[in-house]
Amino acid sequence: DAKTTQPPSMDCAEGRAANLPCNHSTISGNEYVYWYRQIHSQGPQYIIHGLKNNETNEMASLIITEDRKSSTLILPHATLRDTAVYYCIVRVNKAAGNKLTFGGGTRVLVKP
Amino acid sequence: GAVVSQHPSRVICKSGTSVKIECRSLDFQATTMFWYRQFPKQSLMLMATSNEGSKATYEQGVEKDKFLINHASLTLSTLTVTSAHPEDSSFYICSASLWGDEQFFGPGTRLTVL
């Protein structure tokens with residue numbers, strides 16, 4: 001699976017949009033971009049995934065650049081409960097073994 | 001989304017004892033379950049992949065005789081840490097998926113070995 005690069009940490013203001021970048025310049029054509037988050041001392045939680053089109057669900061929006069070498073996760077109105085480590089992962093969907101390789105992630109702190 | 005549970009949520013044991021951690025998919029049948037380990041302030045590291053009814057596939061560097069994995073049914077996988085030592089203290093997380101689809105994670109088990 002392709003390697004991803006994320007900033008180690010970022011602060012966000014409560015109520016404002018949080019934009020989390022991810023670089024995946026070696027992504028292959030059949031690899032999807034996944035985002036998970038992990039709140040302290042809990043298991044990871046799935047947020048969203050996409051292949052090349054922008055995606056939106058009740059939690060977040062995912063913007064993937066046209067060349068697919070980077071993406072941005074947008075939390076439209078950050079709350080204190082969004083404080084967590086956010087992981088950007090690229091992998092082949094429904095692949096044998098279905099492994100998820102977690103990098104360092106971005107530690108997001110939402111401040112009042 | 002699908003619910004995955006783990007039991008126990010916390011366990012403290014003496015060095016040299018064995019500890020069993022259960023991972024259950026509560027509302028779906030999981031053909032594949034994964035076990036991860038996470039040390040403080042580090043990311044999740046995949047330990048092994050287990051498919052129902054077959055032997056687990058361990059990642060490089062993970063001792064299969066120390067971390068015994070059993071996936072006897074489509075809703076239950078167990079991880080047994082044998083002869084635990086303080087360096088095995090960690091946060092153990094399982095996930096479950098159906099036919100290579102999305103992974104759903106359990107809440108984790110914090111193991112402390114004294």
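Below, chain A is the first sequence line, B the second, and so on; all start at residue 1.
- The environment of A/Lys69 atom NZ is sparse: at most 12 non-hydrogen atoms of other residues, nucleotides or ligands sit within 6.0 angstrom.
- Residues B/Ser43 and A/Gly103 come closest through the heavy atom pair OG-O, 2.5 Å.
- Heavy atoms of B/Leu46 lying under 4.5 Å from chain A belong exclusively to its side chain.
- Note on B/Met47 and B/Ile21: same hydrophobic cluster, where clusters join Ile, Leu, Val, Met, Phe, Trp and Tyr whose side-chain heavy atoms are under 4.5 Å apart, directly or indirectly.
- Closest non-hydrogen pair, A/Tyr87 versus B/Gln38, comes out as OH-NE2, 3.7 Å.
- At most 12 heavy atoms of other shown residues, nucleotides or ligands fall within 6.0 angstrom of atom CZ in A/Arg107.
- Under the 4.5 Å side-chain contact rule for hydrophobic residues, A/Val33 and A/Leu20 share a cluster.
- Placement of A/Ile48 and A/Ile74 in two distinct hydrophobic clusters is found when ILVMFWY residues are connected by side-chain heavy-atom separations under 4.5 Å, directly or transitively.
- Hydrophobic clustering (ILVMFWY, side-chain heavy atoms < 4.5 Å, transitive): B/Tyr58 and B/Val81 are in one cluster.
- Interatomic distance, B/Tyr36 OH to A/Leu100 CG, rounded to the nearest 0.5 Å: 4.5 Å.
- Looking at every heavy atom in both residues, A/Phe102 comes nearest to B/Leu44 through CB-O, 3.7 Å.
- For B/Gln6, no part sits under 4.5 Å from any heavy atom of chain A, backbone or side chain.
- Chain A forms the most heavy-atom pairs under 4.5 Å with one residue out of B/Met45, B/Gln42, B/Glu59, and that residue is B/Glu59.
- Residues A/Gln38 and B/Phe91 approach most closely at NE2-CE2, 4.1 Å, considering heavy atoms.
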